[in-house]
Amino acid sequence: MTSQIPISAGVPAEIAVQAMPDDDRLWVPQAPDVWFRPLMLNTITGQWCNLLKVTRAGIVSRHRHPSAVFGYVIKGRWQYDEHDWVAETGSFVYEPPGEIHTLRVPENTTEMVTFFNISGAMIYVDDEGNQIGYEDTFTKIQLCRDHYAANGLGADYVDQFIR
Ligand code: FE
């Protein structure tokens, strides 16, 4: 039964999708053996939600967060070299702004999938903490456009996740 309460003009459309996609073409490559699946790409606040998938063990990246990150592990496990905990399937993770950490998939794990809600940017750094790259909601959108244009979904397929 649907409510009859009127919705204010200008409210953006909701998003309700199967997060783990049936179609593997939705996974956008961002590094060797590393993919993301866009869920919500916010061009007003600079925040985005995606699934991260890694299909090998080892270091994925070292990075700094200027803003808070919230995660939920859907499959597999991973850890940060700087901390003694392991994010297992079903774990919730809060990463405070200012953190610099090194994401690693442990040797006994061949695949992990994690939901992340990220604001601002991922700032990639080297061993000394110097910036070597970054990602934000706009670079994510462009990666999606390029990948979906190339694999037949079409560049505008990503538009359904953009607000
Ligand atoms: Fe992180």
Side-chain angles (χ1 to χ4, degrees), residues 2 7 9-79 87-93 95 101-126 131-163:
T2 49
I7 296 172
V11 174
E14 76 285 6
I15 299 173
V17 295
Q18 181 62 43
M20 287 286 279
D22 295 328
D23 186 343
D24 277 344
R25 292 180 301 171
L26 268 66
W27 291 103
V28 180
Q30 67 177 63
D33 303 313
V34 182
W35 291 266
F36 72 98
R37 183 265 200 260
L39 292 166
M40 198 284 185
L41 300 155
N42 190 323
T43 62
I44 303 300
T45 67
Q47 168 264 352
W48 73 97
C49 294
N50 66 196
L51 302 186
L52 178 71
K53 178 168 76 171
V54 182
T55 56
R56 63 167 168 79
I59 291 177
V60 178
S61 72
R62 178 175 293 112
H63 56 266
R64 177 187 178 99
H65 298 290
S67 297
V69 173
F70 307 91
Y72 178 78
V73 183
I74 295 172
K75 183 177 183 181
R77 65 187 63 75
W78 52 268
Q79 59 200 113
E88 299 277 358
T89 303
S91 289
F92 167 80
V93 175
E95 306 180 11
H101 45 218
T102 308
L103 175 58
R104 178 188 297 275
V105 176
E107 285 305 321
N108 59 354
T109 303
T110 54
E111 181 173 326
M112 77 84 153
V113 177
T114 300
F115 169 85
F116 281 114
N117 180 346
I118 301 167
S119 288
M122 296 278 296
I123 299 173
Y124 296 105
V125 299
D126 63 15
Q131 182 171 340
I132 55 174
Y134 78 96
E135 292 187 298
D136 62 16
T137 197
F138 301 100
T139 65
K140 287 296 191 188
I141 289 169
Q142 192 60 53
L143 283 172
C144 291
R145 286 206 194 290
D146 294 345
H147 182 61
Y148 295 156
N151 72 10
L153 289 173
D156 60 358
Y157 187 84
V158 69
D159 291 348
Q160 65 189 293
F161 308 119
I162 299 173
R163 294 293 184 274

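Note that this is a predicted model, so its numbers are computed, not measured.
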What one should report as the nearest heavy-atom pair of Arg25 and Leu153 is NH2-CD2, 3.3 Å
May I ask you to test the Val28-Val158 pair for a side-chain heavy-atom distance under 4.5 Å?
-> no
Closest non-hydrogen contact found for Gly120 with Asp136 is O-CB, 3.4 Å
Do the non-hydrogen side-chain atoms of Val73 and Met112 ever get within less than 4.5 Å of each other? no
Between Leu39 and Phe161, the two heavy atoms sitting closest are O-CD2, 3.5 Å
Review point. Is a donor on one side and an acceptor on the other found under 3.5 Å between the side chain of Asn50 and the backbone of Phe36?
Key: no
Minimal heavy-atom distance between Lys75 and Thr89, with the atoms involved, is C-OG1, 3.7 Å
Arg62 side chain reached by His101 side chain, heavy atoms, under 4.5 Å: no
CG (Asp23) and OH (Tyr157) are apart, to the nearest 0.5 Å, by 6.5 Å
Quiz prompt | Presence of salt bridge, Arg145 and Asp159, under 4.0 angstrom | solution = yes
Closest heavy-atom pair, Glu135 versus Leu143, reported as atoms and distance to 0.1 Å, is OE2-CD1, 3.7 Å
*Run the numbers on Trp78 and Val93 for side-chain contact (heavy atoms from CB on, under 4.5 Å), then give the verdict.*
CA-CA 11 Å; Trp78 52 268; Val93 175; 4.0 Å; yes
Q) Would one find more than 12 heavy atoms of other residues, nucleotides or ligands at under 6.0 Å from atom CZ of Phe116? A) yes
Rounded to the nearest 0.5 Å, the CD atom of Gln30 sits from the CH2 atom of Trp35 at a distance of 10.5 Å
### Query
Are the side chain of Arg163 and the backbone of Glu14 linked by a donor-acceptor contact shorter than 3.5 Å?
yes
Separation between CE (Met40) and OG1 (Thr137), nearest 0.5 Å, reads 8.0 Å
Distance col, row Ile162:CD1 vs Ile44:CD1, nearest 0.5 angstrom, shows 11.5 Å
Exactly one of Arg77, Arg104, Glu88, Gln79 clears side chain to side chain donor-acceptor pair (under 3.5 Å) with Thr109, and that residue is Arg77
Residues His147 and Trp27: closest non-hydrogen pair is NE2-O, 3.0 Å
### Close side-chain approach of Thr102 and Ile59, heavy atoms under 4.5 Å
yes
Tyr148 side chain to Leu26 main-chain N or O, any donor-acceptor pair under 3.5 Å?
yes
- Task: Without swapping roles, check the side chain of Thr114 against the backbone of Tyr72 for a donor-acceptor pair under 3.5 Å.
- Result: no
CG of Asp24 to CZ of Arg37, rounded to nearest 0.5 Å, is 11.0 Å
Rounded to the nearest 0.5 Å, the CD1 atom of Ile15 sits from the SG atom of Cys49 at a distance of 8.5 Å
So do the side chains of Arg56 and Val54 get within less than 4.5 Å of each other, counting heavy atoms only? yes
Practice item. Compare all side-chain heavy atoms of Thr45 with those of Ser119 and state whether any distance is below 4.5 angstrom. Key: no
